[in-house]
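Accompanying notes for the structure given below.
Chain A is the first sequence line, chain B the second, and so forth, proteins listed ahead of strands; every chain is numbered from 1.
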Protein chains: 2
Amino acid sequence: MTSIDGLASIFPQQRFVRDAAFQAAFESDGLTAFRAKPLAVVIPESNEEVIAAVRWCHDHGVPFVARGSGTSLSGGSLPVADGIVIALNRLNRIIDLDPHERIAVVEPGVVNQHVSNAAGPHGLYYAPDPSSQSICTIGGNVAFNSGGAHCLKYGMTSNHVIGCKAVLATGEVVTFGGRSVESVGPDFTGLFVGSEGLFGVALEITLRLLPKPEMFHTVLVGYDSLQAAGDAVSAVIDSGLLPGALEIMDALSIEAAEAAVACGYPPGAAAVLIVELEGPREKIAYERERLDQLLVQTNPFAQRVAVDEADRLSIWKGRKSAFSAVGRLSPDFLVQDGVVPRKRLGEALVRIQQLSQQAGIRVANVFHAGDGNLHPLIMFDGKQEGALHRAEELAAKLLRLCIEMGGSITGEHGVGMEKRDFLPEMFDAPTVELMDRLRRAFDPKLIANPGKMFPGKEAPALSSVGLHPLEKAGVISRE
Amino acid sequence: MTSIDGLASIFPQQRFVRDAAFQAAFESDGLTAFRAKPLAVVIPESNEEVIAAVRWCHDHGVPFVARGSGTSLSGGSLPVADGIVIALNRLNRIIDLDPHERIAVVEPGVVNQHVSNAAGPHGLYYAPDPSSQSICTIGGNVAFNSGGAHCLKYGMTSNHVIGCKAVLATGEVVTFGGRSVESVGPDFTGLFVGSEGLFGVALEITLRLLPKPEMFHTVLVGYDSLQAAGDAVSAVIDSGLLPGALEIMDALSIEAAEAAVACGYPPGAAAVLIVELEGPREKIAYERERLDQLLVQTNPFAQRVAVDEADRLSIWKGRKSAFSAVGRLSPDFLVQDGVVPRKRLGEALVRIQQLSQQAGIRVANVFHAGDGNLHPLIMFDGKQEGALHRAEELAAKLLRLCIEMGGSITGEHGVGMEKRDFLPEMFDAPTVELMDRLRRAFDPKLIANPGKMFPGKEAPALSSVGLHPLEKAGVISRE
């Protein structure tokens, strides 16, 4: 253990942590079913310390995982057993915010919501809005190309990151993109976004900011069936309207949200649809008329229009709390993140219901309907023998269903540890082989977040499932 | 020369061309100052033939350049001397067009404009609009991440390509992305887009289609000075309006366009600004009011609003013909493609004027002002001893100015052969080193379009500058 002294010497004692109690907070992430014990946690406060830590890992062939708030739902920020965790939360400065160029340059530990908070006084905001935006960090958003309810209109994280300075797993420091959307050659920035920590660590990230919409028009619509809600989504998209968000929740997730936050959704709904228009006042006045005409033909049995911002937020509260609310219905659950072609949404929902019934496992459904991104929540009790395993078997069937329907195994959570075995089912052998070659161009020693994204042999230990370890430790809390 | 028989055996005689007269049409591209003589031109009619040709090149270590209409302005589709040209123009099928999913799957030889033509009856169109869109092909657009006047609002080609099947330089066939914007892991599709033919050849490209704007509002504004036009651009952007296009032409390019197409721009203008709003009728009604209020404060001396579609096209005609029109003022010219931060546009224009005067070389300016993308047209007479060389020296100064101001050496034309020596000035050594490693992951033998993008030793022969060889041959014609 003399070798780790070199790493320790880079950091003051209190920012090089091997204390078991403290480390416990880093043993798991949003995929609470798994945990692994790192060798040490380092907490850099500057780019130079991150670079030095990565170079030490490279020189000594020690794996590392960079991590923000650890909200990954795919196990993407799980530590590697006997590797280093580089906790980036203290690299939380907004280095530059230029309202004229509409960009912000931020460190990786900046919380997503804080970018919009800082941009707000200039009439700007940062568009990608994961449900965890009040705690998740931009570094993590970059690693997993995170999405959110409003990505239907504005695209994923990769559509909003225009430049990136990063330290590669080799210790080299590179700079991609810049302050303009126009860049030279291949989209290296876009390659880095979504690389799940396998290429290196982002040090400075340049984000596009958008003008805040002048107004919102938010409608909550109740339906007798999931199918009817799905058909309404098709009708909206086919009309040429492009809402900021188009979300569906099924009966089970409504029940959970109602129990958790009393969101006041229409009682007895088999599904609710949230449609949110956003933009200049005159445009919304016109679009809401078209939307009204259209929705009336979809046979809703209840409809509620947000009358003010507070009302709007109360509609969103049910949706945004859905994941944690499901915890009230079931001690444990797995969140899936499959994508199906939008026009096959109704068909996919029927198949999911069948698979759920066959397995005798309850599945709640919450989804970004506009882009066909499903979030089935598979409920189980981790204390029951084999329950996690059965839940995972059902999850696998749902993923294969998405592949079979021409969709994807992940819309926004990433492959991570959770879905790594499905990568070769999603892509053919030459494509996976090329991905591996590209990865090795960044990380020849395979020390950056190994065991994620690509099929791997070593699986981390099963954890006592339940609360996120940072929640247990009181470090983070959710809305 | 026995070895080339293997390649010849893949193609019927008339599609394996070594005839000098025919080959002449392929010796050059839109950067007419250079030419190179290929070993042979092959004209595949199927994916299988492209794959077989690439595999033959890989097996025999023979370089190849894939090519559509050869409109590259950076010499990106120049042949490699004694290499193979793979002419993709016959791979021009629109394989699938799905109005519900709003996507088109096309072969690489499909002409840009033809995608919109096919999508038109469904109320859809393909947004990226290079000036050469009536002849350039989607394969070339993908290779160079092409832009156009309307990319201010809608982004470049990479924002509209969501999937790609390609044959790598190794002969492997890979598939990236798919029919949804949500994809797995790093943006491999985005990496391929803009790779300038150095990674392989696209075989099938999946494009996003957008709903056609309900209406346009196109304004032509005349100013006394370039500075005033530049300030107007800042005022528009700062107001929060996001026009579809925001273009400036200076006095010299106006003069050229006037002589060529009699576009009727305001006489005596030092600069004209074209602003085009687009969208639903009600939105435009509202936005044009804001735009009017705003423009009145920018001290224009003339203003013309397009009264109908014919009038709109006549305004655009001047802008779209500017490049070729400059040919009336000068026997030859080099088109540059630098980017500066939008807020430094005025400063950049003053510096370009100074550099032009110092060099005693006339420079016309046409640019996508909204995103800081300059197109200086450097005029010279190729028949004068050393004139091309002096023009290139001025071009180099303009590129260095863009780098120095925090911009980029290319906005949409690509690095190609023309700007390859500037890549190491734009990026630091570790970044270029990584780019090279990534390139070798696709093309370990360096046979795919070698000599482009990265600094290279071998330069092609200087050509008799002038008309595009395909124009000379009567194969293509421009608006």
Which region of L168(B), side chain (C-beta onward) or backbone (N, CA, C, O), has a non-hydrogen atom less than 4.5 Å from a non-hydrogen atom of chain A, or is it both or neither?
side chain

Most heavy-atom pairs under 4.5 Å with chain A, out of G190(B), G147(B), G407(B), G279(B), belong to G190(B)

What residues, two or more places apart in sequence or in another chain, satisfy ring pair (Phe, Tyr, Trp, His ring centres under 6.0 Å) together with H217(A)?
none

The interface call for L423(A) against chain B, heavy-atom contacts under 4.5 Å, is side chain

So, the part of T189(A) with a heavy atom under 4.5 Å from chain B: the answer is neither

Just so I understand: if I count every heavy-atom pair under 4.5 Å between each of E101(A), M426(A), E433(A), E172(A) and chain B, which residue has the most?
E101(A)

If we ignore angles and hydrogens, is there a donor and acceptor under 3.5 Å between the side chains of E412(B) and H368(B)?
yes

By a 4.5 Å heavy-atom criterion (distance strictly below it), what part of D98(B) contacts chain A: side chain, backbone, both, or neither?
side chain

For R102(B), is it the side chain, the backbone, both or neither that has a heavy atom under 4.5 Å from a heavy atom of chain A?
side chain

Under 4.5 Å to a heavy atom of chain A? For V415(B) that would be side chain

Checking H58(A) now: which residues fulfil ring pair (Phe, Tyr, Trp, His ring centres under 6.0 Å) with it, not counting sequence neighbours?
none

Max heavy-atom pairs within cutoff under 4.5 Å with chain B, candidates D428(A), I284(A), L434(A), goes to L434(A)

What part of S158(B) gets within 4.5 angstrom of chain A, counting heavy atoms only: side chain, backbone, both, or neither?
neither

Test item: side-chain donor near acceptor, D337(A) and T410(A), under 3.5 Å
yes

Side chain / backbone / both / neither for F199(A) at chain B, heavy atoms under 4.5 Å
side chain

Side chain to side chain contact (heavy atoms under 4.5 Å, CB included), paired with E278(B), selected from K153(B), E287(B), K212(B), K283(B):
K153(B)

V432(A), part contacting chain B, at a heavy-atom distance under 4.5 Å:
neither

Residue V173(B) versus chain A: region with a heavy atom under 4.5 Å:
backbone

Segment of L191(A) engaging chain B (4.5 angstrom heavy-atom cut-off)
both

Will you find, in the side chains of N145(A) and D187(B), an N or O donor that is under 3.5 Å from an N or O acceptor?
no

Is it true that R344(A) and E347(A) make a salt bridge, defined as a side-chain N closer than 4.0 Å to a carboxylate O?
yes

Before accepting this row, confirm whether a basic side-chain N of the pair R281(B)/E214(B) lies closer than 4.0 Å to the acidic partner's carboxylate O.
yes

Side-chain donor-acceptor pair present, D231(B), S234(B), cut-off under 3.5 Å:
no

